[in-house]
Each structure stands twice: as structure tokens, then as C-alpha cells.
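Source: prediction; values computed, not measured.
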Amino acid sequence: MTNLATPTARDRRRWARYLVDERAEARVYRELASRRTGEDRDILLALADAEGRHEQHWIELLGETPKRLPSPGIGTRLLAWMARRFGSIFVLALAQNAEARSPYADEPYATAAMAADERVHHEVVRGLAARGRRRLSGTFRAAVFGANDGLVSNLALVMGVGATGVAPSFVLFSGIAGLLAGALSMGAGEFVSVRSQRELLEATEESDFADSALPHLDLDANELALVYRTRGMSADEALDKAREVVTAAQAGTAPAAAAPGESSHEVVGSAWGAAISSFLFFASGAIIPVLPWIFGLSGFGAVALALALVGVALMATGAMVGLLSGTSPLKRGLRQLAIGFGAAAVTYVLGLLFGVSAA
């Protein structure tokens with residue numbers, strides 16, 4: 001910040017805006033820290049302290065804290081509101097995006113260190129959010145996949161059936177049948193998938209099958225070291241471990257190292273929980289395209305309303321994916337919309353062709 005012109009009133013208003021935003025962001029990080037423990041809490045408090053340094057920079061430029069300050073930006077206010085009420089991965093994702101949009105790189109009155117801080121803050125928040133994303137990924141994938149599948153498949157179904165010129169009651173019946181068939185299929189598929197995954201992982205767990213034989217092994221001639229080598233130990237480590245376990249077993253000490261339960265595999269949720277949630281997620285999406293016919297609409301009005309409702313839902317799910325992945329919600333929403341409407345357009349055209357040929 002050298003050789004800068006005398007600041008104008010507009011500059012001072014901009015500094016005041018930066019001041020309130022930094023203050024609000026520090027409060028967000030402290031709100032999040034109050035809901036965390038351990039390392040996450042320390043990291044969030046350190047981020048709040050860094051925002052405090054930036055706040056002090058603008059106070060020094062202003063000379064003192066102005067008596068009247070502008071309100072924080074809408075994005076910052078939304079972030080603070082969510083931090084107070086949720087403290088979730090959504091808040092961290094929003095904070096990550098906010099740090100990425102920092103104006104300090106182009107702000108002549110901000111120091112290079114401040115601009116660098118904001119870039120580092122983006123990576124810090126991204127790292128915190130990544131932990132939540134990893135925990136959320138399985139459940140979130142199932143939710144988005146189920147709801148989106150219900151939206152797209154049932155919209156395509158009612159559009160295709162409706163394009164053949166059949167009665168509205170038949171379109172309604174087809175939509176309800178598609179909802180039930182798809183939801184039951186999704187639920188059954190998730191049940192089988194999760195149950196199979198559990199069984200597969202259980203088969204990889206360490207076993208206590210040979211524990212009862214350990215006291216009877218020859219200390220100098222046995223194959224127990226091979227067991228530990230299959231678990232990732234080197235030959236020397238496995239041999240030392242085998243001698244330790246056999247010696248302990250012959251002395252009457254329980255060989256804790258040979259017991260099961262050391263697996264690092266995790267399976268989130270149960271097979272029944274996955275099945276029920278998949279059923280409900282699919283049904284919640286699949287019911288939306290059918291709503292116009294449920295309420296007695298028909299013809300173009302029903303089709304237009306179905307497209308509008310599904311369009312909003314597709315944009316919402318796509319925006320949520322974008323938000324949680326730290327990318328543009330608008331781009332992800334438009335992508336979901338294009339995919340969903342593209343599938344519906346194909347089935348609608350096929351329905352028209354089938355209706356014409358049947359006539």
C-alpha cells in the first residue's frame with residue numbers, strides 16, 4: 001500500500017463494508033467453534049483470530065470504528081444465520097465459497113498478506129469441509145441419487161405416456177405405478193447392496209478361529225507368523241509377534257493381538273435403514289411429476305406444471321450438490337435440469353411417435 005491517492009468517501013464506505021464483513025465472518029467461525037471440540041475447534045478459533053486481524057486493519061485505516069456501520073452482505077448474514085442454527089457441512093461449504101470470493105487481491109488498500117491469508121483460509125475451510133463431506137458422502141449420494149432418480153424417471157414416464165394421447169386417469173395410474181415400482185426397486189437394491197457389503201467386510205475381519213490352538217503350538221516351529229504376514233507385517237515383525245503371542249498363550253495370558261475387531265472398515269447405517277431411506281427418497285422425487293394429475297389437471301396445463309415443479313426440484317438438488325462440493329450451485333443446478341429434461345424430452349418424443357403409429 002504505497003503511493004496511494006488520498007482516500008475518498010467512497011473508499012471509506014468500502015472499508016466500513018470490509019470491516020463489518022470481517023467481523024461477521026469472525027463470529028461465524030466462533031459459532032462453528034462452539035459446536036466443535038479438539039482440533040477442529042482450535043482451527044476455527046484461529047481463523048476467527050485471523051479475521052480479527054483483518055478487521056483491525058480497516059479500523060486503523062478508518063481512524064476509529066465508525067458510529068454507524070453498514071449491514072453485512074446478504075451472503076455473510078446468511079452464513080451467520082446458518083452457523084447459529086445448524087453448524088453443519090453446509091455452513092463450511094458456504095464459508096469456503098466466501099473465502100474464495102475475497103476482494104483483497106484487487107483492493108489497493110489491502111495488504112498482500114491479507115490477500116494471501118484469504119487464500120489460505122479457503123484451503124483451511126476446504127479441509128474442514130472435506131472431513132464432513134467424507135462422512136456425508138454415502139448418505140448424501142443415496143439421497144441425491146434416489147430423489148433425482150424418482151424425479152427424472154417418473155417425469156419421463158408421465159411425459160411419455162401422456163404424449164400417446166391416453167386419458168388423464170391412465171397417466172395418473174402410470175405415474176403412481178412408476179412411483180411404487182421404482183421406490184420398491186430402489187429399496188430392495190439398497191438392502192441387497194448394503195447387506196452384501198456388510199457380509200463382504202465381515203469376511204475380511206481378523207478371526208479368532210485359531211486362538212484355542214495357540215497354547216499347543218511349538219514355539220520354534222509353527223506357522224503363526226504367516227498369519228501376521230497376511231495382515232501386512234514384514235517377515236521379521238511377524239516372527240517376533242508370533243513368538244510373543246505363543247509365549248503369552250502358553251503362559252495362560254489371553255492373546256489380545258490375535259483377537260478380532262481390529263478392522264478399519266466402516267459401514268454407515270443398516271441394510272434396513274438404507275432400504276427405507278432409498279424408498280422414501282425415490283418416492284419423494286417421483287411424487288412431484290404426478291402432482292398435477294393427482295389434483296385433477298390434464299392436458300397442457302398438467303404437463304407445464306409438472307415440468308415447472310420438477311425443474312425447481314432438479315435445480316435445488318443440483319445446487320445442493322454444487323454447494324457441498326464447493327463448486328458453482330448454478331452450474332450444477334443447470335446440469336441437473338438439462339439431464340432431467342433431456343430424458344423427459346426423449347420419452348415424450350417416443351410417446352408421440354407411438355401415439356401416431358398406434359392411431
Side-chain angles (χ1 to χ4, degrees), residues 82 85-91 93 132-162 169 171-201 266-297 302 305-325 329 332-333 335-344 347:
M82 292 185 68
R85 286 159 178 78
F86 302 109
S88 66
I89 177 61
F90 290 96
V91 182
R133 287 179 181 124
R134 283 191 289 270
R135 291 192 294 267
L136 186 64
S137 60
T139 303
F140 183 69
R141 178 203 62 81
V144 171
F145 176 69
N148 195 71
D149 193 18
L151 284 165
V152 174
S153 63
N154 231 27
L155 176 65
L157 176 62
V158 297
M159 292 288 288
V161 172
S169 60
V171 178
L172 175 60
F173 172 79
S174 299
I176 297 299
L179 184 156
L180 292 174
L184 289 169
S185 176
M186 285 285 293
E190 281 294 319
F191 180 87
V192 172
S193 174
V194 174
R195 177 61 65 85
S196 299
Q197 186 180 10
R198 275 190 173 278
E199 292 171 351
L200 181 63
L201 293 178
E266 292 184 1
V267 178
V268 178
S270 66
W272 278 111
I276 293 171
S277 62
S278 292
F279 179 95
L280 294 176
F281 283 130
F282 184 96
S284 67
I287 193 65
I288 293 176
V290 191
L291 287 176
W293 285 272
I294 290 178
F295 289 104
L297 297 180
L305 182 57
L307 287 172
L309 292 173
V310 171
V312 171
L314 288 172
M315 286 289 291
T317 57
M320 191 177 299
V321 172
L323 176 63
L324 288 177
S325 61
R332 292 296 180 268
R335 182 181 68 179
Q336 294 284 89
L337 187 65
I339 293 172
F341 278 11
T347 57

Heavy-atom pair of closest approach, residues [X] and [Y]:
| X | Y | value |
| --- | --- | --- |
| F341 | L307 | CZ-O, 3.3 Å |
| S278 | M186 | CB-O, 3.9 Å |
| A275 | G187 | CB-O, 3.2 Å |
| A156 | A343 | CB-O, 4.1 Å |

Heavy atoms, side chains only, cut-off 4.5 Å: are [X] and [Y] in contact?
| X | Y | result |
| --- | --- | --- |
| T347 | L157 | no |
| I339 | V152 | no |
| N154 | V310 | no |
| L184 | F282 | no |

Check whether [X] reaches the backbone of [Y] with its side chain - one donor and one acceptor, N or O, closer than 3.5 Å.
| X | Y | result |
| --- | --- | --- |
| S153 | D149 | yes |
| S185 | A181 | no |
| S284 | F281 | yes |

How long is the gap from [atom1] on [X] to [atom2] on [Y], to the nearest 0.5 Å?
| X | Y | atom1 | atom2 | result |
| --- | --- | --- | --- | --- |
| S196 | F191 | OG | CZ | 9.0 Å |
| F295 | L172 | CZ | CG | 11.0 Å |
| M159 | S174 | CE | OG | 14.0 Å |
| I288 | L151 | CD1 | CG | 5.0 Å |

